[in-house]
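Structure first, commentary second.
Each chain gets a letter, A, B and so on, in the order its sequence line appears, and its residues count up from 1.
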2 protein chains.
Amino acid sequence: MPSYTAPTSDTRFILQDVLQLEKYGHLPIFAAADAELIETIVEEAGKFCSEVIAPLNPVSDREGCTRHADGSVTTPTGFPEAYAQYCESGWGTLALPEEFGGQGMPHILATVVEEYMNSACHAFNMFPGLTHGAVSAILEKGSDTQKATYLPNLVSGEWLGTMALTEPQCGTDLGMIRTRAVPQEDGSFSITGTKIFISGGEQDLTDNIIHLVLAKTPDAPEGSRGISLFIVPKFLVNADGSLGERNPATCGSIEEKMGVHGSSTCLMNFDSAKGWLLGEENKGLAAMFIMMNAARLSCGNQGLGQAVLSYQNAAAYALDRRQGRAMGERADSSAVADPIIVHADVRRMLMDARGFIEGFRALILWCSLQLDLAHGAETEEERAKADAMVSFLTPVLKGFGTDRGFQTAVNMQQVLGGHGYVAEWGLEQCVRDARVAMIYEGANGVQAMDLAGRKLARDEGKVAESYFSLIQSECDAASAELDFIAVPLAEAVCDLRETAQWLVKNAGVHPDNLGAGSFAFMQLVGVVSVGFMWLRIAEAAKSKLDADEGDRTFYEAKLTIAHHYAERGLAEVPMLKRQAQCGAENLMKLSLEDFEIMG
Amino acid sequence: MPSYTAPTSDTRFILQDVLQLEKYGHLPIFAAADAELIETIVEEAGKFCSEVIAPLNPVSDREGCTRHADGSVTTPTGFPEAYAQYCESGWGTLALPEEFGGQGMPHILATVVEEYMNSACHAFNMFPGLTHGAVSAILEKGSDTQKATYLPNLVSGEWLGTMALTEPQCGTDLGMIRTRAVPQEDGSFSITGTKIFISGGEQDLTDNIIHLVLAKTPDAPEGSRGISLFIVPKFLVNADGSLGERNPATCGSIEEKMGVHGSSTCLMNFDSAKGWLLGEENKGLAAMFIMMNAARLSCGNQGLGQAVLSYQNAAAYALDRRQGRAMGERADSSAVADPIIVHADVRRMLMDARGFIEGFRALILWCSLQLDLAHGAETEEERAKADAMVSFLTPVLKGFGTDRGFQTAVNMQQVLGGHGYVAEWGLEQCVRDARVAMIYEGANGVQAMDLAGRKLARDEGKVAESYFSLIQSECDAASAELDFIAVPLAEAVCDLRETAQWLVKNAGVHPDNLGAGSFAFMQLVGVVSVGFMWLRIAEAAKSKLDADEGDRTFYEAKLTIAHHYAERGLAEVPMLKRQAQCGAENLMKLSLEDFEIMG
């Protein structure tokens with residue numbers, strides 16, 4: 001059975017030493033969270049996830065969810081009790097507004113807890129995770145009545161929410177939805193249609209479920225400019241807040257899938273269900289994107305969470321499993337064999353994992369800090385800058401983070417050899433669970449187009465350029481002792497800038513040139529961004545070592561992994577640059593018939 | 001449900017036009033297989049795999065194997081009947097010696113059939129697949145009595161074989177096995193021990209199972225120089241060939257694993273089972289490697305098989321699924337959406353798959369041809385040269401082939417978005433099934449060390465150099481119209497040569513430098529080798545086009561994919577070169593404690 005211990009020391013190092021949160025202590029958004037409180041929250045969250053949530057993970061995979069003949073769904077053993085404890089401890093409400101019962105803490109803290117939850121049990125965390133998206137959408141687009149009716153119970157976790165977007169005939173292209181919303185005399189709408197892949201569409205954790213449903217009103221324009229978002233509760237809510245009539249929003253089946261078996265993936269039938277318009281009619285896509293952006297950042301965190309869980313178990317195995325002998329001097333020549341961690345190739349896999357994990361953790365926390373600053377920085381300029389940065393990097397966190405999270409899980413499984421392939425050790429579950437995050441909330445190819453198209457090309461690369469300049473300036477300012485990373489990173493940023501410019505220019509020649517290079521470009525931004533974070537980590541570690549503060553081995557290990565990332569991680573840059581600049585011409589040459597079954 | 005059609009046109013193109021098999025028609029080894037017969041076998045094998053075997057694949061995944069209280073094992077519905085048909089049609093005996101009932105055809109034909117079998121149902125093909133290894137070992141090391149007793153029934157498929165090597169405490173490091181073999185007065189040995197991960201250790205397809213078991217005799221030297229290989233039949237064989245006593249070689253449990261559920265992965269208890277030494281005492285490792293080398297080439301073919309199956313289904317989905325609109329001109333502006341194949345990024349994934357599949361198919365067939373020439377070429381020099389080439393490339397076929405086969409399955413799953421993650425479409429099964437081939441028969445990291453250590457460094461790069469020169473000379477000789485691939489391939493070979501030289505040189509400085517670069521080196525050899533095949537494919541396609549023979553669109557598509565591979569596939573070369581030459585110093589810096597749980 002896999003084990004999990006929350007990496008709280010690394011989290012604290014990033015918050016305190018790399019991101020230097022105390023610099024932001026004067027901002028109201030950080031008022032509720034002083035250094036001591038942050039430390040307590042990190043430690044307590046780590047304990048809760050390791051002790052209460054992690055044991056659910058293997059059970060949830062084996063048992064999965066069960067749909068009964070009446071359409072009700074049972075979640076795995078232990079989920080309802082653990083969920084009650086999660087709500088009671090307030091782990092889901094950290095960054096939600098105090099007005100509706102939240103704790104008003106910065107997002108960066110919620111991101112920390114979310115990482116631990118994802119490592120401990122990805123499937124479990126999907127239930128509250130998606131609810132955060134629903135809360136954001138209602139907060140931003142809801143009427144006062146809607147806020148009062150739904151937010152307190154969604155924030156407290158008394159109710160859970162869903163995002164009901166996908167239909168059998170459409171996923172990415174939501175303009176094609178067929179679910180209908182017919183206005184009723186009382187101001188509500190009658191919603192009819194079938195939605196698929198609805199995570200948590202039915203469950204036994206909460207008394208009520210608030211579905212946010214995309215549908216079309218009768219005279220809506222065609223395509224994505226004609227879709228609206230509706231609040232459709234499982235049970236209607238009476239004026240006094242008590243639960244009323246059962247709405248005909250029912251689970252028709254649950255999917256059999258590769259992993260995250262503990263999360264119920266439902267086909268939902270809305271059969272003249274009562275719903276209320278959220279935000280403006282035909283502006284549903286914008287409202288949906290509020291949910292979606294929150295979900296995308298969370299997805300990146302799922303990639304990180306799976307990478308951490310799989311690393312911890314692979315490292316423990318590599319330290320314990322004796323097989324073969326060291327190629328150099330043997331630590332213990334009397335033993336028949338050495339632990340496999342002596343082999344350079346095993347270390348390569350483990351250190352690649354560390355390079356991703358610790359660098360990406362810093363990146364996602366830095367982006368979460370930008371999210372906080374986008375709301376709470378002192379000047380409008382700072383707020384706008386932070387907001388633009390989060391917006392630019394969100395598809396990278398999602399697309400790159402989930403890709404590399406999965407790849408890390410696959411590599412960690414490899415460390416265990418045959419034991420990685422059997423269920424007993426849990427690594428194969430990590431791989432199956434991690435896989436989904438590359439697909440849902442916008443498949444990674446869609447993230448890449450969001451980055452290269454909307455985020456890069458549409459503003460002609462201005463936000464990107466300010467990000468590249470930031471990295472460049474920190475490379476220039478780095479002390480000579482950090483040349484081992486600052487020099488290759490500076491080169492990498494030049495390659496990245498050149499690639500961005502190439503894409504902006506050639507998007508004008510033909511928009512397919514964007515699509516042809518978008519995926520490699522997203523990976524390139526990810527690789528360089530993680531390198532950027534390693535520069536900062538190395539700076540922070542060096543300061544600590546220079547000042548002779550704290551645990552030297554911890555900081556020395558950081559420099560070693562920074563070095564590893566600089567020589568091996570950044571080695572991807574020339575490849576990605578070349579692939580991003582290939583253009584579409586050759587890709588578009590094959591006819592449809594050429595793609596048909598070979599031979 | 002996934003569908004599969006054997007890619008027989010591509011196979012025939014490679015055999016006839018790329019490898020030009022007719023050039024070898026004068027060799028006795030090809031006597032049994034003229035062009036017409038080859039064509040018939042390819043077509044009939046394709047039909048058999050598509051129609052009889054492929055329907056078993058989803059069923060076998062759902063049902064898996066069942067062990068009963070008495071230790072017997074039931075394979076999935078349809079396996080016994082299909083296996084009987086497989087034997088009857090002789091698909092397993094193509095390249096086996098006529099002396100024992102085989103058909104004496106070249107290996108290259110067996111490799112073709114194996115690819116189709118792997119695509120159709122990987123789990124099913126593991127049963128006969130491993131038996132081929134047992135046959136090779138008995139053929140080469142068995143006494144005349146052993147050959148007469150076991151080979152006819154193993155060749156015909158009447159019995160199946162296993163490779164019983166791994167034990168709970170050892171996999172890669174077989175010197176650590178604990179299974180004991182005590183000599184008996186009648187010349188047999190009494191075998192006692194526990195073996196794990198034994199594919200087909202128990203099954204209901206055949207009346208008898210011939211286990212090849214690694215064990216240690218009482219006074220054996222320590223480590224791998226003290227292990228011997230034994231023939232341990234499930235039922236002893238009487239002098240008249242009838243089955244005798246049940247040997248105490250029993251299945252204690254079967255593993256729950258990520259995929260290939262149709263293959264029974266058994267824990268086998270040998271409890272004073274009767275066995276006979278195969279080959280010399282204490283020379284078991286050499287005998288084992290005969291089996292293993294056959295298995296490794298077959299593993300590469302499993303990677304290919306899964307890549308093909310997943311490509312076919314992803315391409316069909318991409319041609320059918322309408323979602324979003326083309327970025328350029330739309331083929332059909334009246335439709336709400338275009339098939340997703342119009343998107344450059346979807347094409348990138350599909351064409352990457354084609355680049356691997358068609359190039360690697362040529363590579364594995366070329367290597368199989370070398371295997372045939374190693375036995376049947378005219379001069380000793382040619383035979384030795386072919387043998388050295390197969391030996392050098394075997395770890396690449398296994399390590400690179402299974403890695404890229406898995407990666408291709410993952411990418412093809414991505415093409416289907418959410419539908420790739422649910423069981424219904426079969427893509428997630430491809431990913432789970434493909435994963436195992438990177439692990440068994442020597443994990444891919446072990447393949448990389450075999451390549452960089454045994455194959456490269458021990459002969460100081462001589463075989464490698466002759467391979468690189470071959471590629472170089474074909475680049476030099478290529479016509480100017482093929483510069484688009486010949487030029488980058490020639491550069492890539494220079495990088496590869498330089499990397500090989502670096503490894504040979506730095507292995508002398510410290511052997512860990514090999515381990516530190518071995519994995520990237522193996523990938524590099526793989527990437528360049530597939531590029532080499534694309535050059536040959538492009539040459540063959542160009543000849544056909546120049547001569548205006550056959551289906552122009554088929555050959556034009558080949559040139560387009562060759563172009564794709566040249567610009568995107570070979571783009572990996574600078575990265576792999578850099579990673580292979582990093583050396584071990586930084587990798588070996590972290591202490592064991594540094595690898596312990598982070599935080």
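- Only the side chain of M176(A) comes within less than 4.5 Å of a heavy atom of chain B; its backbone N, CA, C and O stay farther away.
- The shortest side-chain heavy-atom distance between E428(B) and K257(A) does not fall under the 4.5 Å cut-off.
- Here the CG-CG distance, from D338(B) to D173(A), works out to 9.5 Å after rounding to the nearest 0.5 Å.
- In this structure, G583(A) and R568(B) approach most closely via the heavy-atom pair O-NH2, 4.0 Å.
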For this session: I would like to know whether R435(B) and Q413(A) meet side chain to side chain donor-acceptor pair (under 3.5 Å); could you show each step before the answer?
Result: CA-CA 10 Å; R435(B) 184 67 183 88; Q413(A) 182 186 25; 2.5 Å; yes
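- With rounding to the nearest 0.5 Å, the separation of CD in E567(A) from CG in L587(B) is 7.0 Å.
- Using a 4.5 Å cut-off on side-chain heavy atoms (C-beta onward), M588(A) and M327(B) make no contact.
- Between the side chains of Q579(A) and R348(B), no donor-acceptor pair of N or O atoms lies under 3.5 Å.
- Heavy-atom pairs under 4.5 Å with chain A were tallied for E255(B), R354(B), H343(B); the largest tally goes to R354(B).
- Heavy atoms only, all atoms of each residue included: A344(B) and G515(A) are closest at CB-C, 3.7 Å.
- Chosen from E556(A), M449(A), K577(A), M438(A), the residue pairing most often with chain B at heavy-atom distances under 4.5 Å is M438(A).
- With values rounded to the nearest 0.5 angstrom, I340(B) atom CD1 is found 8.0 Å from T172(A) atom OG1.
- Nearest heavy atoms, G418(B) versus I439(A): N-CG2, 3.3 Å.
- Proximity to chain A (any heavy atom under 4.5 Å) is restricted, for I357(B), to the side chain, taken from C-beta onward.
- Heavy-atom distances place both the backbone and the side chain of N444(A) under 4.5 Å from chain B.
- Side-chain contact between I196(A) and H419(B) is present, with at least one heavy-atom pair separated by less than 4.5 Å.
- Heavy-atom distances place the side chain of H510(A), and not its backbone, under 4.5 Å from chain B.
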For this session: Determine, stepwise, if the pair T265(B) / Y421(A) fulfils side-chain contact (heavy atoms from CB on, under 4.5 Å).
Result: CA-CA 11 Å; T265(B) 307; Y421(A) 197 69; over 6 Å; no
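- Residues F595(B) and M351(A) have side chains in contact (heavy-atom distance under 4.5 Å, counting atoms from C-beta outward).
- The structure places OG1 of T560(A) at 7.0 Å from CG of D594(B), a figure rounded to the nearest 0.5 Å.
- With a threshold of 4.5 angstrom between heavy atoms, V410(A) approaches chain B through its backbone and through its side chain.
- At a 4.5 Å heavy-atom cutoff, F13(A) makes no contact with chain B through either its backbone or its side chain.
- Contact count versus chain B (heavy atoms, under 4.5 Å) is highest, among G324(A), A516(A), C170(A), for C170(A).
- With chain B as the partner, the residue from V436(A), I341(A), V336(A) showing the most heavy-atom pairs under 4.5 Å is V436(A).
- You'll find the side chain of E256(B) stays beyond 4.5 Å of the side chain of E424(A), heavy atoms only.
- With chain A as partner, the option from Q169(B), E358(B), K589(B), H564(B) having the largest number of non-hydrogen pairs under 4.5 angstrom is Q169(B).
- Contact of M349(A) with chain B is not made at all, since no heavy-atom distance falls under 4.5 Å.
- Contacts of V260(A) with chain B are made by both backbone and side-chain atoms, with heavy-atom separations under 4.5 Å.
- Residue contact with chain B, scored on non-hydrogen atoms closer than 4.5 Å, involves the backbone and the side chain of L592(A) alike.
- The candidate with the highest count of non-hydrogen atom pairs below 4.5 Å against chain A, out of R325(B), Q407(B), Q323(B), M575(B), is Q323(B).
- Atom CD of E572(A) and atom CZ of R578(B) lie 11.0 Å apart (nearest 0.5 Å).
- Taking CG of L590(A) as the reference point, atom CG of L350(B) lies at 9.5 Å (rounded to 0.5 Å).
- Your options are A584(B), G259(B), G223(B), and the one with the most heavy-atom pairs under 4.5 Å with chain A is G259(B).
- Side-chain atoms of R347(A) and N586(B), non-hydrogen and from C-beta on, never get closer than 4.5 Å to each other.
- Counting only heavy atoms from C-beta outward, the side chains of H563(A) and E585(B) never approach each other to under 4.5 Å.
- Within the 4.5 Å cutoff, the side chain of E596(A) has heavy atoms near those of the L319(B) side chain.
- Residue contact with chain B, scored on non-hydrogen atoms closer than 4.5 Å, involves the side chain of R321(A) exclusively.
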